[in-house]
Asker: 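After the structure tokens below, expect a handful of questions from me.
Numbers for residues simply follow the sequence, beginning at 1. For ligands, and for the atoms within them, numbers begin at 1 and follow the listed sequence. All values below were derived from every heavy atom in this structure, side-chain atoms included, with hydrogens, water molecules and symmetry-related copies excluded. It should be emphasised that the depicted structure is a prediction, and the values quoted were computed from it without experimental measurement.
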Amino acid sequence: MKVVVLFGPPGSGKGTQAEVLAKKFQLKHVSTGDLFRYNKENNTELGLEAKPYIDNGKLAPDELTTKMLKDELQRNSHQKGFILDGYPRTTSQAEALDAILKELFQTEVNVTLALHVEDETLVQRILKRGITSGRSDDSDENTIRIRIKEYYEKTAIVSSYYKDQDKLVELEGEGSIDDITAALSGEIEKVI
Ligand code: ADP
């Protein structure tokens, strides 16, 4: 079981890249953002609980997010590996992920690929995406800036968790989608 974590601020291209890489390497793409949106649209209990956080650009509670993630991994235990997008977003989630991977698959994260993108580029990308995505958290500049602030306050530190374990690779997230895919693919090939 191979586990690749895609890491970076909102709008850094994790979702776009994860989709391409999942196909290329036959990994299951698991996006906590997509899982939350699915639950929100279907008015599940979990969706209702997460809604106020998502709509206000805040991180959902760790416990809720981790339970959702674990269920999804468990449901996909037949897969040959995962590409995680949007999880872990706090150090406590990173620790929970280690425990879950050990418990379910006796495995660990193979590599964390971090995408670097300037803040103003992030805001412009997300506003542009908001025109077509229909995501409530993509259309309001204030909410977008809160999401970026949440990233720096709670998520950015997670990179040191992986750096300390020699599992972090930092890459440029600005440039053509194909060039970034090629750079990410090169790193995945080293561990797969
Ligand atoms: P983006 O990366 O574009 O900000 P996502 O689709 O990954 O967006 O996530 C959308 C929202 O879902 C986040 O702003 C947050 O409220 C919630 N969310 C997603 N993943 C997590 C997580 N690991 N922990 C807490 N909240 C999360």
Side-chain angles (χ1 to χ4, degrees), residues 3-19 21-22 29-73 82-101 109 112-159 161-162 173-174 177 180 184:
V3 183
V4 174
V5 172
L6 275 194
F7 189 80
S12 56
K14 301 185 295 292
T16 307
Q17 294 294 341
E19 214 167 293
L21 295 166
H29 175 199
V30 175
S31 156
T32 43
D34 287 350
L35 291 170
F36 274 133
R37 281 185 286 281
Y38 175 83
N39 277 282
K40 227 170 68 129
E41 277 155 27
N42 290 285
N43 289 314
T44 67
E45 203 178 315
L46 188 138
L48 292 172
E49 216 176 312
K51 188 180 185 319
Y53 297 95
I54 298 170
D55 290 350
N56 292 310
K58 297 289 204 178
L59 290 187
D62 281 337
E63 205 187 326
L64 187 73
T65 311
T66 296
K67 190 186 175 308
M68 178 179 76
L69 187 270
K70 186 175 179 183
D71 288 348
E72 181 71 3
L73 295 186
F82 296 103
I83 181 151
L84 301 185
D85 152 21
Y87 191 100
R89 262 176 153 104
T90 62
T91 302
S92 135
Q93 291 183 11
E95 289 165 355
L97 177 62
D98 282 349
I100 291 167
L101 292 176
V109 169
T112 297
L113 304 171
L115 292 170
H116 276 264
V117 175
E118 292 295 322
D119 289 358
E120 282 318 303
T121 312
L122 298 174
V123 176
Q124 294 317 316
R125 281 188 186 180
I126 297 172
L127 280 171
K128 191 172 162 210
R129 177 173 75 187
I131 300 170
T132 50
S133 74
R135 279 176 56 173
S136 51
D137 61 341
D138 276 356
S139 52
D140 173 57
E141 187 165 336
N142 188 41
T143 310
I144 295 169
R145 291 198 186 274
I146 294 171
R147 282 158 62 195
I148 296 173
K149 194 161 167 272
E150 284 277 276
Y151 172 79
Y152 287 111
E153 283 179 4
K154 298 175 184 163
T155 306
I157 186 73
V158 177
S159 63
Y161 182 86
Y162 291 112
E174 296 192 48
I177 292 179
I180 297 163
L184 293 166

Asker: Which residue holds the protein heavy atom closest to atom 24 (N) of ligand 1, what is that atom called, and what is the gap in Å?
Answerer: Gln93 NE2, 2.9 Å
Asker: Taking a cutoff of less than 4.0 Å between a non-hydrogen atom of the residue and any ligand atom, is Glu150 in contact with ligand 1?
Answerer: no
Asker: Which ligand 1 atoms are under 4.0 Å away from a heavy-atom of Arg147?
Answerer: 1 (P), 3 (O), 4 (O), 8 (O)
Asker: For the CG atom of Leu101 and the NZ atom of Lys70, what is their distance to the nearest 0.5 Å?
Answerer: 11.0 Å
Asker: Between ligand 1 and Arg135, is the shortest N or O to N or O distance under 3.5 Å?
Answerer: yes
Asker: Is there a polar contact between ligand 1 and Arg129, counting only N or O atoms under 3.5 Å apart?
Answerer: yes
Asker: Please could you name the atoms of ligand 1 that Lys14 approaches to less than 4.0 Å, counting only its heavy atoms?
Answerer: 2 (O)
Asker: Would you check whether Pro9 has a nitrogen or oxygen atom less than 3.5 angstrom from a nitrogen or oxygen atom of ligand 1?
Answerer: no
Asker: Would you please say whether a donor-acceptor pair under 3.5 Å links the side chains of Asp137 and Tyr53?
Answerer: no
Asker: Going by the order shown, which atoms of ligand 1 are within less than 4.0 Å of some heavy atom of Thr32?
Answerer: 19 (C), 20 (N), 21 (C), 23 (N)
Asker: Quick one: CD1 on Ile126 to CD1 on Ile144, what's the gap to the nearest 0.5 Å?
Answerer: 5.5 Å
Asker: Under the 3.5 angstrom rule, does the side chain of Lys40 hit a backbone N or O of Ala50 as a donor-acceptor pair?
Answerer: no
Asker: Under 4.0 Å, heavy atoms only, figure out whether ligand 1 is touched by the backbone of Ile54, its side chain, both or neither.
Answerer: both
Asker: Glu150 side chain to Arg145 main-chain N or O, any donor-acceptor pair under 3.5 Å?
Answerer: no
Asker: For atom 26 (N) of ligand 1, what's the nearest protein heavy atom and its distance?
Answerer: Ala60 N, 2.9 Å
Asker: Considering Pro10, Pro52, Gly13, Ser92, which one's heavy-atom position lies nearest to atom 4 (O) of ligand 1?
Answerer: Pro10
Asker: Only heavy atoms of Gly86, strictly under 4.0 Å: list the atoms of ligand 1 that pass.
Answerer: 20 (N), 21 (C), 22 (C), 23 (N)
Asker: Is the closest N or O pair between Arg37 and ligand 1 shorter than 3.5 Å?
Answerer: yes
Asker: For Ser31, is at least one N or O under 3.5 Å away from an N or O on ligand 1?
Answerer: no
Asker: Output the distance between atom CZ (Arg147) and atom CD1 (Ile54), rounded to the nearest 0.5 Å.
Answerer: 10.0 Å
Asker: Checking contacts here: is it the side chain or the backbone of Lys40 that comes within 4.0 Å of ligand 1, counting heavy atoms only? Could be both or neither.
Answerer: neither
Asker: Report yes or no: do Tyr87 and Ser31 form a side-chain donor-acceptor pair below 3.5 Å?
Answerer: no
Asker: Tell me whether the count of non-hydrogen atoms from other residues, nucleotides or ligands lying under 6.0 Å of CD in Glu63 goes above 12.
Answerer: no
Asker: For atom NZ of Lys154, is the number of surrounding heavy atoms from other residues, nucleotides or ligands below 6.0 Å larger than 12?
Answerer: yes
Asker: With no hydrogens and no angle check, is any side-chain donor or acceptor of Arg89 less than 3.5 Å from a backbone partner on Gly86?
Answerer: yes
Asker: Please answer whether the main-chain N or O of Val117 pairs with a side-chain N or O of Thr121 as donor and acceptor at a distance below 3.5 Å.
Answerer: no
Asker: List ligand 1 atoms under 4.0 Å from Tyr87, heavy atoms only on the residue side.
Answerer: 23 (N)
Asker: Tell me which part of Lys58 gets within contact of ligand 1: side chain, backbone, both or neither, using heavy atoms under 4.0 Å.
Answerer: backbone
Asker: How far is atom 27 (C) of ligand 1 from its nearest protein heavy atom, and which residue and atom name does that atom have?
Answerer: Phe36 CE1, 3.7 Å
Asker: Under the side-chain contact (heavy atoms from CB on, under 4.5 Å) criterion, do Tyr152 and Ile148 qualify, and how do the steps go?
Answerer: CA-CA 6 Å; Tyr152 287 111; Ile148 296 173; 3.5 Å; yes
Asker: Starting from atom 2 (O) of ligand 1, find the nearest protein heavy-atom neighbour and note its residue, name and distance.
Answerer: Arg89 NH2, 3.1 Å
